[in-house]
Amino acid sequence: MPSAVCPGTFDPITNGHLDIIERSAYIYGKVVVAVGRGYGKETLFTVDEREELVAQSVSGISGAKVVVFDGLLVEFAREQSADVIVKGLRAVSDFEHEFQMALLNKRLAPGIETVFLMASPEYMFLSSSGVKEIAKFGGSVTGLVPGVVEMGLSGKYRG
Ligand code: PNS
């Protein structure tokens with residue numbers, strides 16, 4: 001049975017990410033949740049905070065483990081003996097970027113497959129950036145992110 005890598009920046013992890021991770025664990029048995037160190041993106045949460053929030057959020061998912069990575073995703077997947085990269089796809093807007101990354105990764109490592117899971121309808125609209133914007137301006141993110149992330153966001157935006 002191939003094992004899977006679920007990569008992302010997770011700034012922060014949302015219930016949409018969790019849904020994809022849970023479904024990946026169900027399909028593949030084992031899933032490495034790969035927290036990208038940054039790749040030049042300015043993040044609200046440090047990599048240690050993102051790793052901790054992801055770890056707490058996936059603690060109930062059997063077969064899931066969390067690892068921080070940098071460098072090429074396919075190299076990381078090889079190190080983890082994973083031959084599948086699982087990404088979630090929301091609307092058409094995700095497609096072009098994801099398609100490009102999948103093809104580049106395929107060129108770099110033909111033996112590693114990228115598999116897309118369609119976002120569940122209730123999370124189609126959900127993004128980390130949307131969640132941050134809501135939290136920043138005092139809106140409620142209940143139901144959109146795990147409880148630990150909700151607390152993390154209020155810590156960041158308090159005052
Ligand atoms: O979904 P996100 O948060 O935009 O995740 C981005 C991530 C970390 C999955 C992406 O930046 C990535 O795969 N980075 C690794 C760099 C890499 O391997 N690049 C070559 C293929 S484009």
Side-chain angles (χ1 to χ4, degrees), residues 2-25 27-28 30-58 61 63-136 141 144-146 148-150 152-153 156:
S3 68
V5 167
C6 252
T9 309
F10 302 111
D11 184 42
I13 186 168
T14 67
N15 285 348
H17 291 126
L18 262 188
D19 176 53
I20 298 292
I21 294 164
E22 218 160 24
R23 288 158 62 199
S24 304
I27 296 169
Y28 294 105
K30 273 193 279 178
V31 56
V32 178
V33 186
V35 179
R37 197 169 278 282
Y39 296 98
K41 288 183 197 165
E42 205 169 293
T43 57
L44 174 65
F45 292 95
T46 66
V47 67
D48 292 343
E49 289 169 337
R50 286 181 281 128
E51 180 188 21
E52 181 57 27
L53 290 174
V54 173
Q56 289 189 36
S57 305
V58 305
I61 302 177
K65 73 168 180 178
V66 185
V67 182
V68 170
F69 82 107
D70 50 20
L72 288 177
L73 176 60
V74 290
E75 292 301 336
F76 174 78
R78 279 196 190 115
E79 280 162 29
Q80 297 291 322
S81 308
D83 28 28
V84 178
I85 295 167
V86 181
K87 304 285 309 259
L89 262 194
R90 290 166 302 185
V92 186
S93 52
D94 277 344
F95 183 76
E96 197 172 333
H97 181 58
E98 293 296 344
F99 189 52
Q100 188 185 15
M101 285 200 288
L103 291 180
L104 288 171
N105 284 332
K106 187 76 183 165
R107 191 185 162 90
L108 291 169
I112 297 178
E113 293 292 346
T114 300
V115 169
F116 293 105
L117 295 184
M118 293 305 299
S120 297
E122 62 268 41
Y123 302 128
M124 256 315 164
F125 59 90
L126 188 53
S127 67
S128 297
S129 49
V131 159
K132 283 182 281 191
E133 196 156 303
I134 293 171
K136 184 175 177 181
V141 293
L144 303 180
V145 293
V148 281
V149 172
E150 210 174 327
L153 283 166
K156 290 279 175 193

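Just so we're clear, the structure is a prediction, and the values are computed from it rather than from any experiment. Position 1 is the first residue of the sequence; numbering continues from there. Ligands are counted one by one from 1 in listed order, and the atoms in each one are counted from 1 as well.
- Remark: atom 12 (C) of ligand 1 lies closer than 4.0 Å to no protein heavy atom.
- The G71 neighbourhood of ligand 1 comprises atoms 15 (C), 16 (C), with distances under 4.0 Å to a heavy atom of that residue.
- With ligand atoms numbered from 1 in the order given, ligand 1 contributes 2 (P), 3 (O), 4 (O), 6 (C) to contacts under 4.0 Å with heavy atoms of K41.
- Among protein heavy atoms, the minimum distance from atom 8 (C) of ligand 1 is reached at F69 CZ, 3.9 Å.
- Taking distance alone, with nitrogen or oxygen atoms compared against 3.5 Å, L73 approaches ligand 1 more closely than that limit.
- Across every non-hydrogen atom of T9 and V35, the tightest pair is O-CG1, 4.1 Å.
- Atoms of ligand 1 found under 4.0 Å from any heavy atom of K87 (numbered from 1 in listed order, with element): 9 (C).
- Listed for the E22 side chain is no donor-acceptor partner under 3.5 Å among the backbone atoms of D19.
- Proximity annotation for atom 17 (C) of ligand 1: of L72, T9, T43, L72 comes nearest, heavy atoms only.
- For ligand 1, the atoms lying closer than 4.0 Å to a non-hydrogen atom of M101 are 22 (S).
- Between G88 and D94 the shortest heavy-atom distance is O-OD2, 4.4 Å.
- Salt-bridge annotation for E133 and K136: absent, with no side-chain N of the basic residue lying under 4.0 Å from a carboxylate O of the acidic one.
- The existence of a salt bridge linking E49 and K156 is confirmed by a sub-4.0 Å separation between a basic side-chain nitrogen and an acidic carboxylate oxygen.
- A salt bridge between K132 and D11 is present, with a side-chain N of the basic residue lying under 4.0 Å from a carboxylate O of the acidic one.
- Here the protein heavy atom with the shortest distance to atom 7 (C) of ligand 1 is G8 CA, 4.6 Å.
- For the pair F10 and L53, the minimum side-chain heavy-atom distance is 4.5 Å or more.
- Of the heavy atoms in N105, only side-chain atoms (C-beta onward) come closer than 4.0 Å to ligand 1.
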